[in-house]
Amino acid sequence: MGTEAFRVGILTSGGDCPGLNAVIRAVVAASCQRGWEVYGFIDGFEGLLSPVRYRILEEPATAGIASLGGTILGTTNRGRFATRVGLGEIQRIPKTVLDEVWETVEGLQIGGLICIGGDGSLTAAQQLFEAGLPIVGVPKTIDNDISATSISFGFYSAVEFVTQALDRLRSTAISHRRVMVVEVMGRYSGWIALFGGLAGGADVILLPEIPFHYEKIAHEVRKRVAEGALQTMIVVAEGARPAHGQLVTQDEDTEKGLIGEIRLGGIGRHVASMIERMTSRESREVVLGHLQRGGPPTALDRNLGMLFGVAAVRLVEEKRFGEMVAFGNERVGSVSIQEAVRQTKTVPPDCEEIVAARAVGIAFGN
Ligand SMILES: Nc1ncnc2c1ncn2[C@@H]1O[C@H](COP(=O)(O)OP(=O)(O)OP(=O)(O)O)[C@@H](O)[C@H]1O
Ligand SMILES: O=P(O)(O)OC[C@H]1O[C@](O)(CO)[C@@H](O)[C@@H]1O
Ligand SMILES: [Mg+2]
């Protein structure tokens, strides 16, 4: 690296996620070990545009942040870097925006820019790399929808919260003999619904990957009532939809001109009202929403964040730009960002967890 101070940039982009601060902490600590300076850009890629906003991250100031939820750098999934606006739809970042990023990175003499983001932000990072910028990617997602890494931080923190929420909701559902419909995040992937639903003892799990039939769910509820069950717990992924129906979305942001990914949400209410109508069992819906993303990371997610941060610094040191840290074969390695964002990782309908769930009587509405 030579003796002159090397400067690395870091940013967090997309929805926030438990474990981001653990990555930031590891990047700062590992960079300091090498005598590098770390510039943390504020509010994701937006901080690279005029007026450029960054903080110089020093080692002592980041000690202890790994246990904190959110990101000390701020993040956004709205603005001038929209690349994904629906399942499989990719947009190009305007050249004027790419040119401005170039000027910032060149002007500040950033030798490597570590972009921590989900599938959309990494698609943006790939476009910056193609424009010649020294980009290294770190996958972050509560949705677990990034292929090429078998695991990413944030997911298990979200699953833990869903599990605890189901434990609580069951006792009130039992007391009132109700059907409880719990809507969870995950966008177009059902991982949070599946893993949270299994751990939390759901009776019915509705996934984007398995279009459902209301009649099948109603049949399940009636069967359970006939068998003496006091409650039925239904977990529905925000991206789940009936076999002959549409995704339920919240379009207000797009109407307000805030460009970014389509917002999903609202299917829980439809399921609860249909099931109440079809079975005459009182039903309630609960949307867990951003509670799944907030709060401190689990121990696993802190440690994963640390491993990913250290690996990202190593990629910068080795000038392996265009690569993303990835977990596979029980170790941390890397893959090209291009490869990593090519496909959304969805739940295979015949995966081990679903086969096991069916074996213990959990229904999927199909
Ligand atoms: N500055 C930005 N301007 C516009 N869109 C952005 C910006 N930064 C990220 N995005 C968009 O936000 C979306 C989500 O980002 P990303 O995939 O990184 O996060 P995520 O973990 O999937 O979380 P979420 O999808 O909830 O934001 C993507 O569609 C991406 O294109
Ligand atoms: O911050 P927002 O725009 O509400 O994002 C919500 C989305 O972000 C995620 O939390 C993470 O991708 C999704 O599960 C959810 O659809
Ligand atoms: Mg995403």
Side-chain angles (χ1 to χ4, degrees), residues 11-20 41-49 53 69-71 73-94 97-98 100-101 115-128 137-147 149 152-155 157-159 161-162 183-193 196 208 236-240 247-254 256-268 287-295 324 337 340-341 343-346:
L11 59 85
T12 53
S13 173
D16 74 332
C17 170
L20 283 169
F41 290 92
I42 307 299
D43 296 345
F45 294 110
E46 299 294 322
L48 293 160
L49 301 181
R53 290 167 298 139
T71 161
L73 293 175
T75 188
T76 181
N77 52 13
R78 295 284 180 275
R80 291 159 285 183
F81 290 82
T83 54
R84 288 195 183 233
V85 285
L87 186 55
E89 290 171 43
I90 309 273
Q91 275 181 196
R92 300 298 302 180
I93 300 169
V97 172
L98 292 175
E100 219 183 307
V101 173
C115 302
I116 315 172
D119 57 342
S121 302
L122 289 167
T123 304
Q126 171 64 18
Q127 292 183 22
L128 298 188
V138 175
K140 72 90 213 167
T141 167
I142 64 160
D143 301 336
N144 191 31
D145 58 356
I146 302 177
S147 53
T149 187
S152 173
F153 59 89
F155 172 64
S157 298
V159 166
F161 178 80
V162 171
E183 181 182 303
V184 303
M185 285 185 166
R187 239 190 246 286
Y188 308 106
S189 294
W191 297 106
I192 297 177
V236 55
E238 62 179 1
L247 273 178
V248 183
T249 64
Q250 305 189 16
D251 291 321
E252 313 91 38
D253 277 2
T254 324
K256 279 189 243 148
L258 296 167
I259 300 167
E261 175 64 287
I262 295 162
R263 282 178 66 205
L264 302 178
I267 184 67
V287 180
L288 296 185
H290 297 87
L291 290 164
Q292 293 159 93
R293 259 173 36 191
M324 180 194 88
I337 302 176
V341 297
Q343 218 182 345
T344 303
K345 183 167 74 183
T346 54

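Note that this is a predicted model, so its numbers are computed, not measured. Atoms within a ligand are numbered from 1 in the order they appear, just like the ligands themselves.
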Quiz item: For Asp119, what is the atom name of its N, O or S atom nearest to the Mg ion (ligand 3)?
Solution: OD1
Quiz prompt | Nearest option to atom 22 (O) of ligand 1, as decided by whichever heavy atom of Thr344, Leu48, Asp119, Asp43 sits closest | solution = Asp119
Quiz item: Between Gly70 and Asp16, which heavy-atom pair has the shortest distance, and what is it?
Solution: CA-OD2, 3.6 Å
Quiz item: If we only count N/O pairs under 3.5 Å, is Phe81 in contact with ligand 1?
Solution: yes
Quiz item: Do Lys140 and Thr12 have side chains that get closer than 4.5 Å, going by heavy atoms?
Solution: no
Quiz item: Under 3.5 Å, side chain of Ser189 to main-chain N/O of Trp191, donor-acceptor pair present?
Solution: no
Self-check item: Sub-3.5 Å N/O-N/O distance, Thr141 and ligand 1
Solution: no
Quiz item: Which ligand 1 atoms are under 4.0 Å away from a heavy-atom of Ala82?
Solution: 3 (N), 4 (C), 5 (N), 31 (O)
Self-check item: Within reach of ligand 1, part of Glu46 (heavy-atom separation under 4.0 Å)
Solution: side chain
Practice problem: For Asn77, counting its heavy atoms only, list the atoms of ligand 2 lying under 4.0 Å from any of them. | Solution: 1 (O), 2 (P), 3 (O), 5 (O)
Quiz item: Does Asp145 bring an N, O or S atom to under 2.8 Å of the Mg ion (ligand 3)?
Solution: no
Exercise. Drop me the distance from Ile262's CD1 to Arg84's CZ, to the nearest 0.5 angstrom.
Key: 12.5 Å
Quiz item: When you look for heavy atoms under 4.0 Å from ligand 2, do you find them on the side chain of Thr141, its backbone, both, or neither?
Solution: neither
Quiz prompt | Residue portion contacting ligand 2 (non-hydrogen atoms closer than 4.0 Å) for His290 | solution = side chain
Practice problem: Would you mind listing which atoms of ligand 1 come within a distance below 4.0 Å of any non-hydrogen atom of Ser13? | Solution: 8 (N), 9 (C), 18 (O)
Exercise. Evaluate the side-chain proximity of Ile142 to Pro18: yes if any heavy-atom separation is below 4.5 Å, no if none is.
Key: yes
Quiz item: Are any non-hydrogen side-chain atoms of Phe81 and Gln127 less than 4.5 angstrom apart?
Solution: no
Quiz item: Out of Arg187, Glu238, Met185, whose heavy atom sits nearest atom 16 (O) of ligand 2?
Solution: Glu238
Exercise. Of the side chain and backbone of Arg187, name the one, both, or neither that has a heavy atom under 4.0 Å from an atom of ligand 1.
Key: side chain
Self-check item: Numbered atoms and elements of ligand 1 in range of Gly14, under 4.0 angstrom, heavy atoms
Solution: 15 (O), 16 (P), 18 (O), 19 (O), 27 (O)
Quiz item: Under 4.0 Å between a Lys/Arg side-chain N and an Asp/Glu carboxylate O for Arg187 and Asp145?
Solution: no
Quiz prompt | Numbered atoms of ligand 1 (with element) below 4.0 Å of Gly15, judged on heavy atoms | solution = 19 (O), 20 (P), 23 (O), 24 (P), 27 (O)
Quiz item: Are any non-hydrogen side-chain atoms of Ile267 and Glu183 less than 4.5 angstrom apart?
Solution: yes
Quiz item: Do any N/O atoms on Lys140 end up under 3.5 angstrom from N/O atoms on ligand 1?
Solution: yes
Practice problem: Would you mind listing which atoms of ligand 2 come within a distance below 4.0 Å of any non-hydrogen atom of Gly186? | Solution: 14 (O)
Exercise. Quick one: closest heavy-atom pair of Ala125 and Cys115, and the distance?
Key: CB-CB, 4.1 Å
Quiz item: Under 4.5 Å between any side-chain heavy atoms of Leu264 and Leu247, yes or no?
Solution: yes
Exercise. Check if Ile142 has a non-hydrogen atom at a distance under 4.0 Å from any atom of ligand 2.
Key: yes
Quiz item: Would you call Gly44 a ligand 1 contact, heavy-atom distance under 4.0 Å?
Solution: no
Self-check item: Thr83 neighbourhood, listing ligand 1 atoms whose heavy-atom distance to it stays under 4.0 Å
Solution: 31 (O)
Self-check item: Ile146 side chain near Val341 side chain, heavy-atom distance below 4.5 Å
Solution: no
Practice problem: Decide whether an N or O pair under 3.5 Å exists between Leu122 and ligand 1. | Solution: no
Quiz item: Taking side chain as C-beta onward, heavy atoms only, is Glu100 less than 4.5 Å from Leu48?
Solution: no
Quiz prompt | Per-atom contacts, ligand 1 versus Thr76 - under 4.0 Å to a heavy atom | solution = 1 (N), 7 (C), 8 (N), 9 (C)
Practice problem: Report yes or no: does a heavy atom of Gly118 sit under 4.0 Å from some atom of ligand 2? | Solution: no
Exercise. Side-chain contact test, heavy atoms from C-beta onward, threshold under 4.5 Å: evaluate it for Ile93 versus Phe45 and give yes or no.
Key: no
